[in-house]
Chemist: 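Structure below; questions to follow.
Just so we're clear, the structure is a prediction, and the values are computed from it rather than from any experiment.
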Amino acid sequence: MQEKLNVKNNRNNKNSKHSNKALKRTAIVVGVVLALLIIIDLTPFGGNIAAYTKWAQCGHRPVGTSFGGAFTNGLPYYTEAEDFGLFRGATPYFCTPMDAERAGYSTNEDHYDFPNLPKSDQRSSIEKGERLMGDRYSN
């Protein structure tokens with residue numbers, strides 16, 4: 001009887017050691033994957049930390065920015081930021097459309113349009129947008 005208990009205990013110990021090794025391996029893999037995601041997010045390719053920080057500062061989803069495509073004028077414009085993006089890039093975020101317009105981002109990627117700004121401020125925003133485009137193409 002004692003021998004059967006010893007055999008059973010040995011089997012339990014082996015299963016326990018095996019499950020502990022599997023658990024450790026799983027924890028290491030999960031840790032490495034999380035570390036890689038954090039490292040990617042800290043590079044210019046990630047950008048989620050910057051987006052969520054701005055979201056917290058604003059208290060609502062921020063306004064994201066972009067440049068028009070190759071077949072458009074390529075103007076800097078803004079849109080509502082995505083909830084989640086794996087690779088957001090190093091794009092500036094603003095709390096309001098007016099903040100984005102003051103920085104030179106249009107509501108339209110084809111032509112300058114600043115509906116939230118008074119006419120007196122629009123010229124300055126167009127100049128800022130032109131500088132943004134110049135900076136984009138000079139890098």
Chemist: Ignoring hydrogens, what is the shortest heavy-atom contact between M98 and L117? Give both atom names and the distance.
Modeler: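 Minimum heavy-atom separation between M98 and L117: CG-CD2, 3.8 Å.
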Chemist: Give me the atom names and distance for the closest heavy-atom approach of A100 to V63.
Modeler: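 Distance-wise, the nearest heavy atoms are CB-CG1, 4.2 Å.
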Chemist: Is a side-chain N or O of T65 found less than 3.5 angstrom from the main chain of Y78, in a donor-acceptor match?
Modeler: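 Side chain of T65 to backbone of Y78, a donor-acceptor pair under 3.5 Å: no, none is there.
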Chemist: How many angstroms lie between atom CD of E101 and atom OG of S106, to the nearest 0.5 angstrom?
Modeler: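 With rounding to 0.5 Å, CD (E101) is 7.5 Å from OG (S106).
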Chemist: Indicate yes or no: at least one non-hydrogen side-chain atom of I126 is less than 4.5 angstrom from one of R123.
Modeler: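 Heavy-atom side-chain distance check passes, below 4.5 Å.
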Chemist: OH of Y52 to CD of Q57: how many Å apart, nearest 0.5 Å?
Modeler: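 Between atom OH of Y52 and atom CD of Q57 there are 15.0 Å.
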Chemist: Considering all heavy atoms of both residues, which atom of N108 and which atom of D113 are nearest to each other, and what is their separation?
Modeler: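 Distance-wise, the nearest heavy atoms are CB-CB, 4.3 Å.
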Chemist: Does the separation of the ring centres of F94 and Y105 fall below 6.0 angstrom?
Modeler: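 Yes - the distance between ring centres of F94 and Y105 falls below the 6.0 Å cut-off.
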Chemist: Give, for atom SG of C95 and atom CH2 of W55, the distance between the pair rounded to the nearest 0.5 Å.
Modeler: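 Reported to 0.5 Å precision, the distance equals 12.5 Å.
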Chemist: Sequence neighbours excluded, which residues qualify as side-chain hydrogen bond (donor to acceptor under 3.5 Å, both in side chains) partners of Q122?
Modeler: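 Here no residue qualifies.
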Chemist: Which heavy atom in K54 sits nearest to a heavy atom in Y93, and how many Å separate them?
Modeler: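 Answer, listing the atom of K54 first, then Y93: CE-O, 3.2 Å.
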Chemist: Side chains of T79 and S66: closer than 4.5 Å at any heavy-atom pair?
Modeler: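 SC-SC contact between T79 and S66 ruled out.
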Chemist: Just by distance, no angles: are the side chains of D99 and T96 close enough, under 3.5 Å, to form a donor-acceptor pair?
Modeler: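 Present: a donor and an acceptor within the cut-off.
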Chemist: Identify the two heavy atoms, one from P97 and one from N116, that lie closest to each other, and give their separation to 0.1 Å.
Modeler: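 Minimum heavy-atom separation between P97 and N116: CB-ND2, 3.5 Å.
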Chemist: Would a 4.5 Å heavy-atom cut-off, applied to side chains only, mark Y112 and P76 as touching?
Modeler: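 Answer yes - side chains close enough.
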Chemist: Any donor-acceptor pair under 3.5 Å linking the side chain of K128 with the backbone of R102?
Modeler: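 Indeed, once roles are kept as given, a pair shorter than 3.5 Å links the two residues.
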